[in-house]
There are 4 protein chains.
Amino acid sequence: MAKPKSPKKREEIFNAALRLFSRNGYSKTTIKDISEEAGVSFGTVFTYFEHKEALFHACVTEPLDEFRNHLLDAKESLDTLTIDKLKSLVAQHITFFLEKEDYLRVVQYVIGQPERFSEMEMLDEFAEQFMELVKAIVTTGMRKGFLPESDPDEIGYGYLAFLMGARLTFTDHANVQLTNAFKNQALRLFGVLD
Amino acid sequence: MAKPKSPKKREEIFNAALRLFSRNGYSKTTIKDISEEAGVSFGTVFTYFEHKEALFHACVTEPLDEFRNHLLDAKESLDTLTIDKLKSLVAQHITFFLEKEDYLRVVQYVIGQPERFSEMEMLDEFAEQFMELVKAIVTTGMRKGFLPESDPDEIGYGYLAFLMGARLTFTDHANVQLTNAFKNQALRLFGVLD
Amino acid sequence: MAKPKSPKKREEIFNAALRLFSRNGYSKTTIKDISEEAGVSFGTVFTYFEHKEALFHACVTEPLDEFRNHLLDAKESLDTLTIDKLKSLVAQHITFFLEKEDYLRVVQYVIGQPERFSEMEMLDEFAEQFMELVKAIVTTGMRKGFLPESDPDEIGYGYLAFLMGARLTFTDHANVQLTNAFKNQALRLFGVLD
Amino acid sequence: MAKPKSPKKREEIFNAALRLFSRNGYSKTTIKDISEEAGVSFGTVFTYFEHKEALFHACVTEPLDEFRNHLLDAKESLDTLTIDKLKSLVAQHITFFLEKEDYLRVVQYVIGQPERFSEMEMLDEFAEQFMELVKAIVTTGMRKGFLPESDPDEIGYGYLAFLMGARLTFTDHANVQLTNAFKNQALRLFGVLD
DNA sequence: CATGAATGAGGCTTCATTCAT
DNA sequence: AATGAATGAAGCCTCATTCAT
């Protein structure tokens with residue numbers, strides 16, 4: 001009975017890869033870098049991931065599930081939506097995006113070179129779902145009267161663009177002031193002025 | 001002491017490089033690719049740019065001047081700012097950002113790997129200047145009464161984040177509907193609801 | 001002191017190795033390939049053979065005994081040799097060589113790279129013994145009058161060369177016509193025209 | 001005006017490769033070995049041959065033309081064929097085969113692993129042509145009366161097998177006695193006893 | 001100036017072997 | 001005895017850079 005593949009080791013490699021891919025991009029990151037960061041030998045990386053590409057693919061696609069859970073579950077509570085719930089939802093989004101620095105940089109890397117990475121497709125699909133949710137929120141808000149007349153499509157595009165831009169344009173995200181700025185600005189996209 | 005080399009050939013190489021760097025990133029782009037795209041032999045690239053790095057550096061920094069001209073010259077007409085002028089200014093910004101696809105992808109590439117590229121510094125500086133302008137606009141707008149009470153700093157951060165996000169999150173920028181969405185949404189960041 | 005390990009498993013590994021070495025050569029054949037062909041895990045291969053080299057060595061040397069038995073036992077019946085017995089002996093040789101496809105390919109592999117494989121020595125020794133037998137046959141045949149005047153040495157060399165060439169030059173050995181051709185041609189080397 | 005690719009350097013690499021492939025086989029031979037043997041740097045090999053495989057392919061196929069010239073041109077003088085001409089032709093073949101040691105070892109390598117190397121096809125084609133020539137010779141010889149009744153097909157197969165076997169089974173080819181043995185034995189395949 | 005042959009460092013990947021389970 | 005995870009040496013190939021023509 002030999003040692004079975006250790007899920008823990010896989011995770012360490014995965015995390016090391018995500019960290020390095022996000023800081024240095026795909027090509028600049030070497031398997032050796034990853035193995036050292038993960039504290040395993042060079043060859044071990046290939047025990048858990050067939051290719052460098054497969055490892056990158058995992059880094060792009062696997063965290064998407066967590067995103068789906070965090071971002072799309074608001075769908076079920078649309079009926080009870082209020083202006084306060086919206087505000088807390090937006091705050092949650094901002095916080096979540098600012099937290100997932102490593103992952104979103106990798107996503108940014110893929111988005112920036114869409115012809116190069118086939119993973120783009122999955123990201124597009126997720127973006128689509130997210131914008132659908134936003135549109136449903138806007139529609140509900142207008143019906144309930146706590147959001148001003150707006151084009152739900154436009155807010156869908158604008159809100160996602162803003163979340164990404166907030167995360168990707170600035171480096172200094174420990175800054176509380178910045179976080180608050182983003183929360184307020186995001187609400188303005190929904191037409192909420194304060 | 002102008003170099004006697006052909007400025008036209010330099011430009012062709014530069015444009016080819018910008019195009020390829022923006023689509024494939026720094027490491028994936030080879031000098032040979034660039035030389036072929038530019039229609040010169042690959043040795044010629046080294047006649048005009050000492051290194052691959054120097055060529056990349058040029059791609060990141062040289063277009064910044066045009067950005068400065070387009071984006072920062074509003075500073076001089078703050079006195080005569082009106083709500084309509086603001087609307088047209090924002091529209092201009094959106095259009096300009098959406099137009100400069102290749103360049104902004106390269107910028108995105110650098111921003112995404114700030115530790116890797118020393119050019120980040122110059123981009124930061126530009127961002128600072130741009131946000132200063134935005135703050136001045138907001139202050140003026142509030143004083144003149146056509147903008148609601150806001151925190152100028154927050155709008156500075158938010159507006160730049162939005163412009164970048166708009167450019168970087170979506171691929172399909174020929175879309176007119178998308179452009180309009182962004183214009184309207186951008187105005188909302190300033191507190192302008194329609 | 002027999003090893004307690006399963007002789008059956010050893011044989012399966014051995015046969016798998018012989019088959020794969022013969023088709024793909026030494027370097028192209030991996031231990032994993034062999035283990036899969038043999039239906040065991042690849043660690044098990046190392047239980048029965050210390051090295052890859054040891055396994056190859058076994059493949060080259062172990063079947064030699066069977067060759068010795070089949071090819072050299074004619075030595076004892078030289079006294080009663082007749083032209084008909086010679087014909088049947090030659091037919092037997094041809095058949096035997098054509099049968100041992102896998103093994104002879106491995107031998108061919110070693111012969112083709114004699115500096116590389118130390119096993120060459122044993123093969124040389126066997127060749128020497130075989131040619132001695134042929135020479136004895138020729139001498140006997142001439143003395144008994146059923147073989148024409150010949151140089152026994154020349155026939156020794158020529159006959160072995162022919163047997164190897166017959167086996168190694170063509171792929172299509174199921175062909176009966178080919179087998180017959182070889183039998184007739186081999187006899188001609190002995191000076192027997194029909 | 002840059003240096004054009006030097007045909008001389010290509011040939012040096014080619015010869016080094018042929019020599020090493022023939023002694024050590026495909027996999028055991030490294031590009032580094034070849035470059036050192038050829039007296040060029042590692043990278044230069046790739047200037048002249050795209051792959052290791054391409055280099056091997058060249059080693060197998062390019063010398064075939066010389067073989068065609070040497071072995072197949074007898075076709076034109078069939079009308080004037082005599083027993084003496086046949087003897088000298090056979091002697092020529094033997095000499096030629098014994099001379100081309102490096103090349104024929106590579107051929108042997110391919111023949112020994114026909115499923116592995118696509119070059120096998122071309123070798124088969126050449127063998128076909130050569131055997132056609134042999135058959136024509138035999139038919140002519142029988143018609144002219146200097147060769148005994150024989151099956152031309154059988155001699156075709158047998159003669160080629162013998163030439164290959166002569167070359168491949170023994171290492172010691174400087175030996176004059178061996179060469180003579182092969183010449184005499186080869187003639188016996190045609191039914192010529194002395 | 002333009003060209004592209006020559007160079008060799010560095011990356012990905014394969015695979016024999018070791019050894020804990 | 002059997003297994004297969006871990007290791008790292010070694011090979012192929014790419015590509016930035018140099019430099020002779």
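So that the names make sense, note that chain A is the first sequence line, chain B the second, and so on, each numbered from 1.
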- line: One should read off an interatomic distance between D:N15 CG and D:I34 CD1, to the nearest 0.5 angstrom, of 11.5 Å

Qualifying residues under side chain to side chain contact (heavy atoms under 4.5 Å, CB included), relative to [X], sequence neighbours excluded:
X: A:T61; value: A:H57, A:E119, A:M122
X: D:E121; value: none
X: B:Q108; value: A:Q108, B:R105, B:L168

Nearest-Å distance, [atom1] ([X]) to [atom2] ([N])?
X: C:R10; N: F:dA2; atom1: CZ; atom2: C1'; answer: 17 Å
X: C:K28; N: E:dC15; atom1: NZ; atom2: C1'; answer: 14 Å
X: A:D33; N: E:dC12; atom1: CG; atom2: C1'; answer: 13 Å
X: D:K5; N: F:dT21; atom1: NZ; atom2: P; answer: 18 Å

message: Determine whether D:V110 and D:F56 satisfy the following criterion, side-chain contact (heavy atoms from CB on, under 4.5 Å), listing intermediate values before the conclusion.
response: CA-CA 10 Å; D:V110 172; D:F56 185 75; 3.8 Å; yes

Within 45° cone of B:Y26 ring axis and under 6.0 Å: B:K52 NZ or CZ: yes

task: Sequence neighbours left out, what passes ring pair (Phe, Tyr, Trp, His ring centres under 6.0 Å) with B:Y103? Give chain and number order.
output: B:F67

query: Sequence neighbours excluded, which residues qualify as ring pair (Phe, Tyr, Trp, His ring centres under 6.0 Å) partners of A:Y48?
result: none

- request: Would you please classify the geometry between the A:F42 ring and the A:F46 ring as parallel, tilted or perpendicular, with 30° and 60° separating the classes?
  value: tilted

- prompt: Of all of residues 12-26 of chain A, which get a heavy atom below 4.0 angstrom from DNA chain E, listed by number?
  reply: none

Under 3.5 Å, N/O pairs linking protein and nucleotides 8-10 of chain E:
unit_1, atom_1, unit_2, atom_2, d
E:dG8, N7, D:G43, N, 3.3

- prompt: Hey, does the side chain of C:K9 come within less than 4.0 Å of F:dA2's phosphate (OP1/OP2), counting only N and O?
  reply: yes

field: Qualifying residues under salt bridge (Lys or Arg N to Asp or Glu O under 4.0 Å), relative to B:K100, sequence neighbours excluded
entry: B:E66

query: Under the salt bridge (Lys or Arg N to Asp or Glu O under 4.0 Å) test, which residues partner B:E62, sequence neighbours left out?
result: B:R10

- request: Any salt bridge (Lys or Arg N to Asp or Glu O under 4.0 Å) involving residues 23-38 of chain C? Give me the pairs, sequence neighbours left out, ordered by first then second residue.
  value: C:R19-C:E37, C:R23-C:D102, C:K32-C:E36

message: Working note: A:M164 + A:I111, criterion side-chain contact (heavy atoms from CB on, under 4.5 Å); need CA distance, chi angles, decisive distance, verdict.
response: CA-CA 11 Å; A:M164 290 296 292; A:I111 294 177; 3.8 Å; yes

task: Have a look at D:T29 and say if it touches a base, only the backbone sugar-phosphate, or nothing, with a 4.0 Å heavy-atom cut-off.
output: sugar-phosphate

message: Applying a 4.0 Å non-hydrogen cut-off, can you work out what C:S27 is touching in the nucleic acid: base, sugar-phosphate, or nothing?
response: nothing

- prompt: Given that C:K32 and A:I31 both sit by DNA chain E, which one's nearest nucleotide is further toward the 5' end?
  reply: A:I31

field: Dot-bracket summary - DNA chain F, pairs being Watson-Crick or G-U whose distances fall under 3.5 Å, with | when paired to another strand
entry: .||||||||||||||||||||

query: Going by heavy atoms closer than 4.0 Å, what residues in residues 46-61 of chain D are next to DNA chain F?
result: D:F46, D:H51, D:K52

